[in-house]
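Worth knowing before you read on, the calculation uses all heavy atoms, side chains too, and leaves out hydrogens, waters and symmetry mates.
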Amino acid sequence: MPETTIETASPTNAEATTSKKGVNRSAFVRPVRTVAILGAVGALVAAIGLPAFASASGPADAAPVTTEQLAADNAQSIVVASEATQAPSARGQFTATTPDEIEKRKAEDAAAARAAEAAASAASASSSRPSLAGMALVAPGSGAVRYPVTSFTPGEGPGSGRGHEGWDMIAPEGTPIYAAAAGTVTASAESIGGYGVSIMIMSNLNGTMVETRYGHMVYGSRMVEAGDQVSAGQLIGLVGNTGNSYGSHLHFEVRIGGSVIDPEPWLAANAG
């Protein structure tokens with residue numbers, strides 16, 4: 001048989017050179033790529049970390065920031081600084097009281113307020129009250145019924161057609177007014193409707209309840225208050241011209257069983 005010869009081709013110089021260059025290029029590219037990746041990662045870390053550091057640190061001269069304040073900024077809520085403390089409470093500031101003690105204290109405060117009001121009213125009345133110098137504190141005469149004014153000119157009586165329910169006893173302003181009978185003062189004020197400054201007294205005359213009313217008195221001249229007990233002929237005020245009045249006089253009313261009667265004949269029959 002003919003001999004077969006197998007020849008092994010060896011690379012030429014050019015191919016060897018090209019292969020060597022390819023190996024060298026791969027060896028150079030891999031380190032460069034690694035460096036580029038590491039650089040990108042470092043840049044990403046810097047981009048994330050620097051703003052947070054800058055916002056947390058702030059200006060160099062800013063006051064120190066506590067953990068609680070940072071938490072408050074992030075949570076958008078108000079947090080009391082850790083340095084704040086509650087003021088100590090003194091034990092003596094608190095007093096334990098029972099319901100009875102509380103009610104007693106309320107009653108005492110109310111009584112004090114009433115006393116202060118009464119004192120103020122008395123001071124005001126005394127400062128504006130007309131002088132009583134030379135006046136008799138008790139009307140002359142005797143008996144259970146007295147004339148409320150001892151010197152007067154008779155005026156209009158009840159039943160005039162204009163709702164007039166009393167007897168006008170005309171006298172100069174400042175003339176003394178006396179209680180027509182003993183009894184209890186049911187009303188006493190500087191203004192009661194058309195009566196002006198007036199006083200009302202309820203009396204028990206031999207088992208009959210009789211109410212007498214005194215109107216148009218001088219401001220500040222009332223000598224008694226509601227609830228006071230008065231005696232027949234006791235000085236209670238001064239003739240004036242207050243309320244629905246057109247001249248100085250005493251408007252005197254008498255009511256028995258709630259019904260208006262004419263005071264003139266009643267006084268004539270009963271006054272001592």
Side-chain angles (χ1 to χ4, degrees), residues 78 80-81 83-133 135-139 146 148 165-166 173-174 176-205 209-245 250-255 257-258:
I78 299 175
V80 177
E83 291 81 4
T85 58
Q86 183 178 0
S89 299
R91 184 178 181 85
Q93 293 176 349
F94 304 94
T95 303
T97 56
T98 65
D100 291 341
E101 291 173 334
I102 293 174
E103 291 302 322
K104 181 179 179 181
R105 181 58 183 272
K106 288 182 178 179
E108 291 174 351
D109 292 343
R114 289 194 299 270
E117 182 178 357
S121 299
S124 176
S126 62
S127 63
S128 60
R129 180 172 295 170
S131 174
L132 301 179
M135 293 185 182
L137 300 182
V138 179
R146 314 282 181 92
E165 299 179 333
E173 183 169 315
I177 300 174
Y178 302 97
T184 303
V185 178
T186 57
S188 177
E190 291 294 283
S191 178
I192 301 179
Y195 292 96
V197 181
S198 54
I199 292 173
M200 301 177 186
I201 300 173
M202 183 64 72
S203 305
N204 186 342
L205 299 175
M209 302 306 297
V210 179
E211 181 186 25
T212 53
R213 298 184 177 186
Y214 313 79
H216 309 318
M217 299 164 62
V218 173
Y219 286 116
S221 68
R222 293 176 297 113
M223 303 292 151
V224 293
E225 297 293 340
D228 290 349
Q229 299 294 318
V230 297
S231 58
Q234 178 179 332
L235 179 65
I236 60 173
L238 304 177
V239 171
N241 188 27
T242 59
N244 295 340
S245 174
L250 169 65
H251 175 88
F252 179 64
E253 285 187 23
V254 177
R255 297 170 181 252

My understanding is that only residues two or more places apart in sequence, or in another chain, count here; which of them pass salt bridge (charged side-chain N to carboxylate O under 4.0 Å, His left out) with Asp100?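 Partners of Asp100 under the salt bridge (charged side-chain N to carboxylate O under 4.0 Å, His left out) test: none.
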
Taking only residues two or more places apart in sequence, or in another chain, which ones meet Glu103 in a salt bridge (charged side-chain N to carboxylate O under 4.0 Å, His left out)?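 Per chain and number, Glu103 pairs via salt bridge (charged side-chain N to carboxylate O under 4.0 Å, His left out) with no residue.
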
[X]: which residues meet the side chain to side chain donor-acceptor pair (under 3.5 Å) condition with it, sequence neighbours left out?
| X | value |
| --- | --- |
| Glu173 | none |
| Tyr178 | none |
| Ser191 | none |
| Glu165 | Arg255 |

Specify whether His251 and His216 have parallel, tilted or perpendicular ring planes, treating 30° as the upper limit for parallel and 60° as the lower limit for perpendicular.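 The arrangement is perpendicular - the two ring planes meet at more than 60°.
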
What closest approach, in Å, do Gly240 and Val218 show between heavy atoms, and which atom pair accounts for it?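 Nearest pair, atom of Gly240 first, then Val218: CA-CG2, 3.5 Å.
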
List the atom of Val230, the atom of Ala181, and the distance in Å for their closest heavy-atom pair.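 Minimum heavy-atom separation between Val230 and Ala181: CG2-O, 4.2 Å.
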
Could you pull out all residues at least two apart from [X] that satisfy side-chain contact (heavy atoms from CB on, under 4.5 Å)?
| X | value |
| --- | --- |
| Ala187 | Ile192, Met200 |
| Asn244 | none |
| Ser188 | Val185, Ile199, Arg222, Glu225 |

Does any non-hydrogen side-chain atom of [Y] lie less than 4.5 Å from one of [X]?
| X | Y | answer |
| --- | --- | --- |
| Val239 | Ile177 | yes |
| Tyr214 | Ile201 | yes |
| Val254 | Val210 | yes |

Looking at [atom1] of [X] and [atom2] of [Y], how far apart are the two atoms once the value is rounded to the nearest 0.5 Å?
| X | Y | atom1 | atom2 | answer |
| --- | --- | --- | --- | --- |
| Ser203 | Glu211 | OG | CD | 9.5 Å |
| Leu137 | Leu235 | CG | CG | 6.0 Å |
| Ser231 | Arg146 | OG | CZ | 7.5 Å |
| Asp228 | Thr184 | CG | OG1 | 9.5 Å |

Between the main-chain N or O of Gly243 and the side-chain N or O of Ser245, is there a donor-acceptor pair closer than 3.5 Å?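 Looks like no, no N/O pair under 3.5 Å.
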
Donor-acceptor pair, side chain of Thr186 and main chain of Met202, under 3.5 angstrom: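 Not at all, since once roles are kept as given, no pair shorter than 3.5 Å links the two residues.
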
